[in-house]
Number of protein chains: 2
Amino acid sequence: MSDRDRGLAPVERSAGLAHRVPDLGALELLLAVARLGSLGRAAQSLGITQPAASSRIRSMERQLGVALVDRSPRGSSLTDAGALVTDWARRIVEAAEAFDVGAQALRDRRDSRLRVAASMTIAEYLLPGWLIALRAERPDTAVSLLAGNSTVVAERLLADEADLGFVEGPTVPAGLDAAVIAHDHLIVVTAPDHPWARRRKPLDAAELASTPLILREKGSGTRQVLEGALGGLARPLIELSSTTAVKSSALSGAGPAVLSELALGEELSARRLVRIPVEGIRLRRALRAVWPTGHRPAGPARDLLSLTRGPAT
Amino acid sequence: MSDRDRGLAPVERSAGLAHRVPDLGALELLLAVARLGSLGRAAQSLGITQPAASSRIRSMERQLGVALVDRSPRGSSLTDAGALVTDWARRIVEAAEAFDVGAQALRDRRDSRLRVAASMTIAEYLLPGWLIALRAERPDTAVSLLAGNSTVVAERLLADEADLGFVEGPTVPAGLDAAVIAHDHLIVVTAPDHPWARRRKPLDAAELASTPLILREKGSGTRQVLEGALGGLARPLIELSSTTAVKSSALSGAGPAVLSELALGEELSARRLVRIPVEGIRLRRALRAVWPTGHRPAGPARDLLSLTRGPAT
DNA sequence: CTCGGGCATAAGCTGGAGTTATGAGCGACC
DNA sequence: GGTCGCTCATAACTCCAGCTTATGCCCGAG
């Protein structure tokens with residue numbers, strides 16, 4: 001746990017991100033202004049009055065110390081700095097939308113119409129995006145979400161307490177039909193100052209197996225896939241109980257880590273972590289949609305399923 | 001513009017994401033509770049009192065309709081739902097951190113010690129991450145940021161109004177030394193219900209050149225790279241003036257788009273957009289750090305440069 | 001049995017964000 | 001040139017979310 005602590009807070013924050021970043025309402029307002037070209041219309045689109053919007057944008061500019069919008073009697077447009085800030089803001093708002101749909105699904109546990117049961121990795125990283133897309137097509141579908149391992153997912157489906165499930169790993173629980181919807185690739189990453197980050201040649205299996213790695217605990221999905229690919233061998237440097245903890249340790253430079261590419265977005269593109277190519281072994285596992293044998297998904301479940309696979313068939 | 005509007009708001013929001021998602025302070029608090037295992041310690045770490053934390057977590061639970069933490073006289077730990085929510089929250093907080101360092105750099109324009117000039121794409125998608133890493137190593141470095149095209153970046157550097165620059169594209173402005181720090185790959189994407197999403201075979205250059213695409217305007221960096229790779233041919237379906245607008249149009253299903261992989265994170269992994277493989281042409285451009293000829297980066301500029309390349313040399 | 005860490009409750013204060021009402025700048029149009 | 005219409009800014013007031021301090025309950029450890 002203490003490793004996780006250090007990993008998550010490598011630098012002492014001057015206590016209060018919230019005081020330096022505008023709140024979600026202000027960010028949404030800024031995006032609306034960028035989109036609609038006027039404070040008044042932006043205000044209207046958010047259901048507040050124009051003076052409220054004006055004051056809020058102004059206080060955001062004061063907080064950031066930068067002018068964000070050019071006001072004129074003919075409308076408002078973003079300044080150069082405003083355009084930059086708006087794109088950063090969009091990232092936050094998109095993350096908030098994912099949070100929202102996830103939370104919505106969680107909240108509607110009792111009285112919902114589409115009940116989804118999913119493994120942790122899928123529930124964390126993929127489902128929010130799918131549900132955003134689903135909401136775009138079927139805005140009035142209430143979705144509930146339960147997260148658990150394959151066994152739990154299977155139980156819920158068979159007890160008719162869920163309509164559609166998602167599991168990861170090589171096997172399909174008994175009594176369920178399945179369709180592979182994607183593959184989750186496990187990748188090897190290090191902090192950018194690790195010697196591996198400067199290698200020219202890809203790693204091979206023997207090298208990977210002989211190096212102590214930051215791993216999930218024995219029995220976890222990712223660990224199983226890795227040990228399967230390596231023929232049972234895997235040397236843990238540290239064993240941690242969540243994907244996030246593994247990521248944090250890798251970020252803090254503890255060593256090479258193996259984790260799902262789904263968990264790594266910005267860390268790779270911003271080079272806070274570096275992907276180390278591996279050759280000769282296939283580090284991937286199938287992600288499957290599952291449902292009780294015979295009960296082909298219909299209605300909202302079918303809609304969601306088709307979203308995860310591409311075109312509706 | 002109206003295309004952009006539709007792209008950004010394909011579904012009518014029930015006005016007020018901010019009312020359904022806890023504010024940043026609450027999310028930070030939740031992360032602190034997860035990390036520290038106690039409301040009191042979490043409160044302390046954020047500089048507030050224990051009752052404030054208690055009440056805030058409680059109101060967040062009320063808002064979400066789900067219990068997030070198990071309280072006991074021996075501390076607090078996350079419930080299953082809490083763990084899920086915490087991971088979604090982490091995404092938001094990380095986006096907010098990127099916003100914060102970017103804004104900080106923008107704010108310190110006047111009196112800063114490390115002055116960076118960068119192209120829009122780099123300033124939007126990469127610099128915040130690098131600056132987070134830089135702050136971890138050199139917490140007291142004040143960074144300023146100016147965003148503009150290659151010409152602007154060169155001017156600033158040569159006028160000694162910037163210490164380090166970042167540009168994208170095939171050429172290095174005169175009077176500057178450069179080092180390639182990464183390559184930005186352009187990729188072809190469509191919405192998942194586009195016929196291309198079901199292809200088995202990769203696209204070839206002729207096919208790409210003969211299909212109308214959603215593109216940036218003529219003269220933009222990505223457009224130049226594409227036309228270079230295709231030998232001057234590119235059929236625009238729509239021309240838009242920002243990467244974000246291109247992404248939005250693609251998301252709304254207007255057609256295939258070509259854009260930087262940097263701009264696509266969650267959209268690909270959540271299959272809201274699908275990457276279409278292309279063979280036979282190289283759609284990439286170099287990202288370069290630049291500085292006035294002879295003035296090798298030193299001090300903070302050197303630190304930042306080394307972060308973008310990996311190990312400090 | 002008492003102490004201490006951890007959480008909950010109560011009462012009071014404050015500031016931020018909202019509202020309505022009003023004014024001022026500027027282009028369009030008759 | 002007046003007048004409309006759209007824009008944004010300012011002022012005065014209300015209200016509530018979140019903070020604080022003070023206090024009490026619970027429960028395990030010594």
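Letters A, B, ... are given to chains in the order of the sequence lines, protein chains preceding strands, and every chain is numbered from 1.
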**Message:** Please report the distance, rounded to the nearest Å, between CD in B:Glu61 and C1' in C:dC7.
**Reply:** 13 Å
**Request:** Would you tell me if any nitrogen or oxygen in the side chain of A:Ser76 comes within less than 4.0 Å of OP1 or OP2 on D:dC8?
**Result:** yes
**Request:** For B:Ser55, report the nucleic acid contact type (base, sugar-phosphate, nothing); a contact means any heavy atom under 4.0 Å.
**Result:** nothing
**Asked** Between B:Arg223 and B:Arg216, is there a donor-acceptor pair closer than 3.5 Å when you use the side chain of the first and the backbone of the second?
**Response** yes
**Fill in**
Residues passing the salt bridge (Lys or Arg N to Asp or Glu O under 4.0 Å) test with A:Glu137, sequence neighbours excluded, are none
**Item:** A:Leu39 CG to D:dA9 C1', straight-line distance once rounded to whole Å
**Value:** 10 Å
**Basic-acidic side-chain contact under 4.0 Å: A:Arg91, B:Glu94** = no
**Message:** I want to check one thing: is the phosphate of C:dA8, taken as OP1 and OP2, less than 4.0 Å away from some side-chain N or O of B:Ser54?
**Reply:** yes
**Fill in**
A:Arg71 CZ to D:dC6 C1', in whole Å, measures 17 Å
**Request:** For A:Arg56 and C:dT19, give me the distance from atom CZ to atom P, rounded to whole Å.
**Result:** 11 Å
**Asked** Which whole-number value in Å describes the distance from B:Arg58 CZ to D:dG18 P?
**Response** 14 Å
**Separation of D:dA17 C1' from B:Gln63 CD (nearest whole Å)** = 12 Å
**Request:** To the nearest Å, give me how far apart CZ (A:Arg62) and P (D:dT10) are.
**Result:** 12 Å
**Request:** To the nearest Å, give me how far apart CD1 (B:Ile57) and C1' (D:dC19) are.
**Result:** 15 Å
**Considering all heavy atoms, the nearest A:Ile57-A:Leu29 contact** = CG1-CD2, 3.8 Å
**Message:** Looking at A:Asp140 and A:Arg113, is there a salt bridge between them, counting it only when a charged N and a carboxylate O are closer than 4.0 Å?
**Reply:** no
**Message:** Just to be sure I understand the rule, does B:Asp23 reach a base, reach only the sugar-phosphate, or reach nothing, if contact means heavy atoms closer than 4.0 Å?
**Reply:** sugar-phosphate
**Item:** A:Ser38 side chain, from C-beta outward: closest of D:dC19, D:dT7, C:dG18
**Value:** D:dT7
**Item:** First encountered from the 5' end of DNA chain C, between B:Pro51 and A:Thr49
**Value:** B:Pro51
**side-chain hydrogen bond (donor to acceptor under 3.5 Å, both in side chains): pairs with one or both residues in residues 65-74 of chain B, sequence neighbours excluded** = B:Glu61-B:Arg71
**Fill in**
Separation between CG (B:Leu215) and CD1 (B:Ile238), nearest 0.5 Å, reads 9.5 Å
Collect all protein-nucleotide pairs involving nucleotides 24-30 of chain C in which both atoms are nitrogen or oxygen and the distance is under 3.5 Å.
| unit_1 | atom_1 | unit_2 | atom_2 | d |
| --- | --- | --- | --- | --- |
| C:dG27 | O3' | A:Arg74 | NH1 | 3.2 |

**Complete:** The residue, B:Gln50 or A:Gly75, whose nearest nucleotide of DNA chain D is more 5′ is A:Gly75
